[in-house]
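Here the structure comes first, spelled out in structure tokens, and everything after it is commentary.
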Amino acid sequence: MNQTTTFSVEYHRFLRPDGEPEGDLPPLADDAETLHALYKNMVFTRLYDERAIALQRTGQIGTFASSLGQEAIGAGVGHAMQPEDIIIPSFRENGALLFRRFRVRDLLLYWGGDERGMANPDLGDDFPICVPISTHTTQAAGVAFAIKYRQQPRVVVCLLGDGGTSKGDFYEAINLAGAWNLPLVFVINNNQWAISVPRSLQTKSETLAQKAIAAGIPGIQIDGNDPIAVRHHVAEAIEKARGGGGPTVIEAISYRLCHHTTADDATRYRSDEELEAHRKLDPVPRLKRFMEARQLWSDEQESVLIRDCKAEIEQEVQHYLDSAPPKPESMFDWLYAELPQELHQQRQSLLVRESSND
Amino acid sequence: MNQTTTFSVEYHRFLRPDGEPEGDLPPLADDAETLHALYKNMVFTRLYDERAIALQRTGQIGTFASSLGQEAIGAGVGHAMQPEDIIIPSFRENGALLFRRFRVRDLLLYWGGDERGMANPDLGDDFPICVPISTHTTQAAGVAFAIKYRQQPRVVVCLLGDGGTSKGDFYEAINLAGAWNLPLVFVINNNQWAISVPRSLQTKSETLAQKAIAAGIPGIQIDGNDPIAVRHHVAEAIEKARGGGGPTVIEAISYRLCHHTTADDATRYRSDEELEAHRKLDPVPRLKRFMEARQLWSDEQESVLIRDCKAEIEQEVQHYLDSAPPKPESMFDWLYAELPQELHQQRQSLLVRESSND
Amino acid sequence: MTDITLVEAVNLALMHEMEHDPEMVVLGQDIGVNGGVFRATVGLLEKFGNERVLDTPLAENMIAGTAVGMAVQGLHPVAEIQFMGFIYPAIDQMVSHASRMRNRTRGRLSCPMVLRAPYGGGIHAPEHHSESTEAMFAHIPGIRVVIPSSPTRAYGLLLAAIRDPDPVVFLEPKRVYRLMKQAVEDNGEALPLDTCFVLRPGSDITLVSWGAMLHETQQAAEQLAGEGIDAEVIDLATIKPIDMQTILESVGRTGRCVIVQEAARTCSVSAEIAARLAEEGLMSLFAPIRRVTGFDTVMPMFRLEGHYMPGTERIVQAVRQTMEFA
Amino acid sequence: MTDITLVEAVNLALMHEMEHDPEMVVLGQDIGVNGGVFRATVGLLEKFGNERVLDTPLAENMIAGTAVGMAVQGLHPVAEIQFMGFIYPAIDQMVSHASRMRNRTRGRLSCPMVLRAPYGGGIHAPEHHSESTEAMFAHIPGIRVVIPSSPTRAYGLLLAAIRDPDPVVFLEPKRVYRLMKQAVEDNGEALPLDTCFVLRPGSDITLVSWGAMLHETQQAAEQLAGEGIDAEVIDLATIKPIDMQTILESVGRTGRCVIVQEAARTCSVSAEIAARLAEEGLMSLFAPIRRVTGFDTVMPMFRLEGHYMPGTERIVQAVRQTMEFA
Ligand SMILES: Cc1ncc(C[n+]2csc(CCOP(=O)(O)OP(=O)(O)O)c2C)c(N)n1
Ligand SMILES: Cc1ncc(C[n+]2csc(CCOP(=O)(O)OP(=O)(O)O)c2C)c(N)n1
Ligand SMILES: [Mg+2]
Ligand SMILES: [Mg+2]
């Protein structure tokens with residue numbers, strides 16, 4: 001006896017790299033406000049990244065991860081989420097975080113080596129940046145369970161990279177999301193590199209989206225440099241989850257136009273040709289051309305936007321630079337709700353040392 | 001732009017539960033020697049399991065895991081492997097281990113709480129029983145790499161349960177096996193329960209075989225109670241791997257007719273009806289009926305086989321019961337190749353204590 | 001109020017808190033219909049339903065990570081790891097996240113979770129079922145590690161652990177699960193964390209232990225009493241943070257100390273206590289501190305576990321040697 | 001023979017052994033074309049090809065498990081974990097398998113693997129990149145934990161680790177990677193494992209340290225020499241097993257001991273050394289043992305890491321206090 005079960009993964013794109021539409025566009029493509037919001041977030045993120053790299057070069061923050069070339073993912077995800085939804089990010093989701101309630105000063109504090117960067121009370125339930133790859137994915141399942149348990153109409157969005165899909169954590173998380181039918185959307189930024197390791201060495205699977213099949217949940221591929229595709233398909237998955245339809249894995253195909261971080265030199269391991277080829281797929285000019293062709297964007301709007309973004313970023317940078325240094329004893333003060341007895345002595349010894357250093 | 005990639009998982013069976021063939025049979029179905037070997041192993045394993053449970057009930061070994069109802073998997077896997085291949089078992093592969101060079105006395109020593117059970121030098125490169133679920137799967141990848149690195153025509157077979165497929169280890173292992181094209185076959189004994197947790201709570205995926213899709217490698221489902229299907233498809237996957245064709249995941253669908261272990265009471269969590277329904281799928285009478293229908297097996301052969309198996313098992317049990325107790329200091333003597341200085345004192349203190357207890 | 005065992009006390013505390021705290025959920029392997037392989041969660045599913053009593057897929061890393069997510073979101077998850085031998089995949093979540101959420105968000109988020117696991121040897125269990133690696137957790141800043149040694153303390157300490165606003169690793173000495181019974185009143189009263197319990201006052205020597213080893217330690221104290229040695233017995237109970245005050249005060253009176261643990265010796269909890277005594281209590285010591293511990297070997301399979309685990313005799317011996325020291 | 005840094009010495013040892021041992025392979029993240037994020041494996045791919053220099057998928061548990069499998073099969077894998085902060089998923093394989101293969105098969109199988117990882121703070125790295133949790137590994141029976149503190153010791157100890165027939169966790173103090181240079185001869189000579197190195201003989205007090213903290217410790221010793229205090233400085237080097245002979249002998253002479261580590265205090269390696277001194281060397285102590293350690297806090301992000309890590313001043317202070325003790 002033979003029987004065959006089949007599965008499939010779909011790939012979606014609305015805008016060609018040159019900004020020309022292909023096939024039917026979703027309603028949001030006609031909504032200037034949405035397009036402007038997406039575009040603004042991408043431009044702002046790119047300018048922020050640039051500025052942050054400059055701050056790193058001058059020793060004003062530490063190692064920094066840019067999202068150059070991948071801004072459509074952050075913008076699309078950020079815009080697709082409702083304020084009450086919860087984002088559980090990795091560390092390269094600058095645009096998505098900025099779309100939510102993270103401020104540039106928060107992010108600079110974090111990359112400047114200061115825990116206060118993730119402390120802003122306005123962040124609500126949004127998770128802090130997660131550095132250990134994919135460890136946040138199972139947490140996302142726990143958060144999604146809590147939401148479901150409380151019957152709240154909220155959705156969790158968890159972001160990770162292509163490299164992150166190789167870790168057992170990711171698989172365990174999507175498996176639980178499926179088994180428990182959780183309101184949870186995973187968005188993979190497949191920027192095709194995990195530091196120096198290309199996508200082809202991570203896995204033999206033809207797509208990353210098909211990893212969802214292992215969990216019995218839907219997985220789709222989208223052009224991650226098409227902001228309209230990202231916004232549309234992420235929103236669709238979020239609303240499906242909100243309606244009780246369960247989890248989705250979305251592989252957004254993009255490309256890391258930058259070094260891995262400021263501590264990395266990508267020329268060691270990838271060719272200029274490859275990089276140049278991918279510059280042509282840049283999401284920012286793609287959306288701009290689309291808007292321009294529809295008379296939804298002008299040179300003047302562009303220059304106003306850039307001027308405004310820069311001004312806001314500078315203000316935020318100044319805020320960051322003006323921030324008082326963290327108190328040494330703060331490493332004790334947030335460790336537990338109440339400091340255990342045995343740590344009073346250690347805390348005290350730190351204070352004594354500090355004051356004797358004055 | 002929309003594109004669709006499709007994947008599939010096939011299910012295979014040759015013998016119906018009543019032992020009648022369906023569809024074309026593979027050549028091995030005509031080979032009396034092979035059929036006898038499979039049958040003998042299944043009968044031996046079942047008798048061994050029974051005896052081991054009796055030993056546990058009388059306090060002569062500790063907790064024991066029977067493979068009742070799942071004997072076709074061990075037999076098929078054991079017979080499909082070449083002597084130079086390497087088995088990396090979990091803890092329920094009694095039949096497969098007995099097909100290789102593990103003796104009943106080895107297994108009883110192990111379940112009797114004695115490390116010497118896994119020490120038999122005849123075991124060659126075969127791995128010891130692995131208790132922590134799925135932790136052996138990545139090790140299997142390492143062993144398969146070593147074989148490939150040395151260009152040896154050997155194959156690694158790694159066995160695990162349905163519950164084991166939920167662990168990240170399994171996914172990380174199949175992913176590496178795919179990425180590195182390793183000579184490695186994973187056989188999942190889907191006995192539909194992980195202690196009290198049914199298959200349906202482990203994962204939403206329709207099959208366990210489809211988890212292979214996440215790694216970009218082939219996954220198939222077989223009737224794990226059809227010894228001919230197991231032997232045929234496992235051998236096919238092994239020989240494919242031996243020829244450089246890479247890894248395969250095989251989900252063998254069976255049913256745990258026994259308690260999880262002697263420490264478990266399955267009546268707490270599953271119904272008699274379910275159990276009874278699955279008794280009808282028992283692999284042992286299935287193969288017997290098939291052989292009988294073809295005049296390849298007689299009542300006399302049956303009684304000789306049972307007598308011989310019992311005699312051999314009794315001899316082995318006696319060997320086990322006669323084994324000298326392990327030396328207390330042996331816990332030090334195999335810890336490192338050479339005992340570090342600081343442990344001499346601890347070892348000495350144990351010896352002194354032992355001798356003062358005399 | 002009937003006499004109950006330690007595992008029944010665990011069950012009673014879980015029942016009590018589930019009833020009073022709607023934010024509490026339990027999760028783990030086989031904890032639902034089966035009631036846990038040791039029956040610690042028996043009856044919970046029937047009473048609270050599968051919305052709050054969650055049989056998980058088989059993945060300890062996921063169990064811990066999911067509990068972290070639940071806790072950060074304000075639930076009070078109590079996750080069971082079936083045996084301590086399978087807890088290692090959960091360490092990453094404990095050290096990298098559970099212990100840090102409050103600190104890294106300066107209090108914006110926190111992680112009030114409990115990770116329960118039966119631990120320790122002595123029940124002739126299979127390989128990997130007899131671990132005592134509490135020290136690996138005790139080294140992690142930002143968490144608590146709590147070990148009850150009797151039914152009453154199991155009840156009170158588990159309630160405290162669940163109510164604690166920070167992550168707690170709660171290790172249950174499985175050899176004691178059914179070793180003895182005590183009258184436990186289901187009054188919902190938690191015992192304090194971060195504090196030792198003096199089980200037997202004494203003036204000649206201080207014996208510090210926790211978990212299953214307290215029973216050998218108490219037996220040793222009885223036996224020593226017959227020899228005219230009056231030992232004080234302290235149950236450490238909370239392994240991290242350590243209540244050194246109580247221990248220092250005791251050793252300050254007795255001048256002698258033996259620490260008893262089942263775990264391997266090197267970098268263990270007994271090492272920490274001995275080190276602190278050597279730092280802070282050196283001048284009150286009349287004799288070197290002795291540690292009676294498991295060996296620095298792999299926990300042997302069960303035919304030899306009796307040789308691995310410290311027994312009454314080794315404790316008595318160590319105390320005698322300490323007392324004889326002039 | 002040119003002067004090289006510690007990370008270059010690691011590279012030299014890897015190069016040397018790859019050339020002489022065809023069973024040796026290296027695996028890890030970014031160790032191939034990229035040569036490792038710290039360049040420890042630079043040049044290996046070019047020289048030995050991608051059959052022996054293996055960029056793995058991103059999964060530390062898998063890296064460790066694969067290395068276990070390779071080693072059991074007789075290869076000599078040297079696996080890199082990119083930062084110690086990401087080593088936790090690998091603990092399960094180390095404690096449950098690498099450390100047990102020989103014992104559980106009574107020598108039929110063994111596990112000659114090395115798990116390398118840069119560790120420690122002080123380079124202003126992001127969150128999770130500054131860990132020092134060597135104690136969690138030092139608690140595991142059946143493995144070795146080795147930490148070099150200079151280029152020469154990195155070269156000799158890494159060779160020894162690779163040639164050792166048992167599993168070794170090899171932790172490289174990343175702050176020292178490029179801190180200093182030494183002349184290292186590529187003679188393939190291993191240094192002994194399981195032994196301390198006396199870096200500076202002295203008669204007044206014994207300072208024990210390892211890894212990056214040795215540098216502060218040596219600076220402190222220099223400073224103290226100016227004050228007329230003659231400190232002996234011992235590099236522990238092999239953290240597990242501990243060579244207590246050398247330490248006891250030293251403390252037997254000096255009567256005083258300060259232990260310096262970067263790691264959090266509780267249940268750490270310094271606790272073990274202090275405990276053993278309190279057990280075996282109590283009578284030679286003129287003053288309480290002091291430990292200068294990281295706090296029992298989460299390693300803070302880098303703006304505060306300087307406040308967390310013990311500096312020369314804290315060591316000097318502790319030594320003075322120990323010397324003043326009457
Ligand atoms: C568990 C873990 N291992 C290693 C690292 C070091 N590391 C940081 S980013 C990175 C690559 C991540 O690749 P990917 O998931 O594709 O995300 P990307 O950086 O491309 O956005 C690595 C290996 C880490 N942070 N966590
Ligand atoms: C990592 C780990 N977690 C938990 C256990 C306890 N345990 C032993 S067997 C088992 C169920 C295994 O189910 P499955 O993989 O389906 O194998 P089966 O027992 O059905 O053959 C569990 C949870 C374990 N051995 N290892
Ligand atoms: Mg990537
Ligand atoms: Mg099963």
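When reading the values below, keep in mind they use all heavy atoms of this one structure, side chains included, and skip hydrogens, waters and symmetry mates. Letters go in sequence order (proteins before strands), and every chain restarts at 1.
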Interface moiety of [X] toward chain D, non-hydrogen atoms closer than 4.5 Å:
X: C:Val298; value: both
X: C:Gln93; value: neither
X: C:Asn103; value: side chain

Nearest 0.5 Å, please: how far is [atom2] in [Y] from [atom1] in [X]?
X: C:Ile289; Y: D:Arg276; atom1: CD1; atom2: CZ; answer: 14.0 Å
X: C:Glu272; Y: D:Glu272; atom1: CD; atom2: CD; answer: 10.5 Å
X: D:Arg104; Y: C:His128; atom1: CZ; atom2: NE2; answer: 4.0 Å
X: D:Asn61; Y: C:Asn61; atom1: CG; atom2: CG; answer: 8.5 Å

Practice task
Could you pull out all residues at least two apart from C:His307 that satisfy ring-ring contact (aromatic ring centres under 6.0 Å, His included)?
Solution key: none

Problem - For chain D, which residues of residues 238-258 of chain C have heavy atoms nearer than 4.5 angstrom - result: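 Only C:Lys240 of residues 238-258 of chain C have a heavy atom under 4.5 Å from chain D.
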
Handout entry: Contacts with chain D made by residues 280-287 of chain C (heavy-atom distance under 4.5 Å), listed by residue number
Key =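 When heavy atoms of chain D are the reference, residues 280-287 of chain C contributes C:Leu282, C:Met283, C:Leu285, C:Ala287 within the under-4.5 Å range.
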
Which one, [options], leads in non-hydrogen pairs under 4.5 Å with chain C?
options: D:Gly85, D:Ala90, D:Ser96, D:Ala263; answer: D:Ser96
options: D:Pro288, D:Ser99, D:Pro300, D:Ala274; answer: D:Pro288
options: D:Met301, D:Met299, D:Glu131; answer: D:Glu131

Practice task
Could you point out which residue of D:Ile91, D:Ile87, D:Val95 forms a side chain to side chain contact (heavy atoms under 4.5 Å, CB included) with C:Ile91?
Solution key: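 Going through D:Ile91, D:Ile87, D:Val95 one by one, the side chain to side chain contact (heavy atoms under 4.5 Å, CB included) with C:Ile91 is satisfied by D:Ile91 alone.
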
Handout entry: Test: C:Arg290 and D:Glu279 ion pair at under 4.0 Å
Key =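 No.
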
Could you give the side-chain donor-acceptor pairs of residues 133-142 of chain C under 3.5 Å, partners two or more places apart or in another chain?
unit_1, atom_1, unit_2, atom_2, d
C:Thr133, OG1, C:Tyr88, OH, 3.0
C:Glu134, OE2, C:Trp210, NE1, 2.9
C:His139, ND1, D:Thr266, O, 2.7

Handout entry: Most chain D-contacting option - heavy-atom pairs closer than 4.5 Å, from C:Asp296, C:Ile273, C:Val269
Key =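 Counting heavy-atom pairs under 4.5 Å, the top option is C:Asp296.
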
Problem - Contact summary for D:Ser268 and C:Cys267, nearest pair of heavy atoms - result: O-SG, 3.7 Å

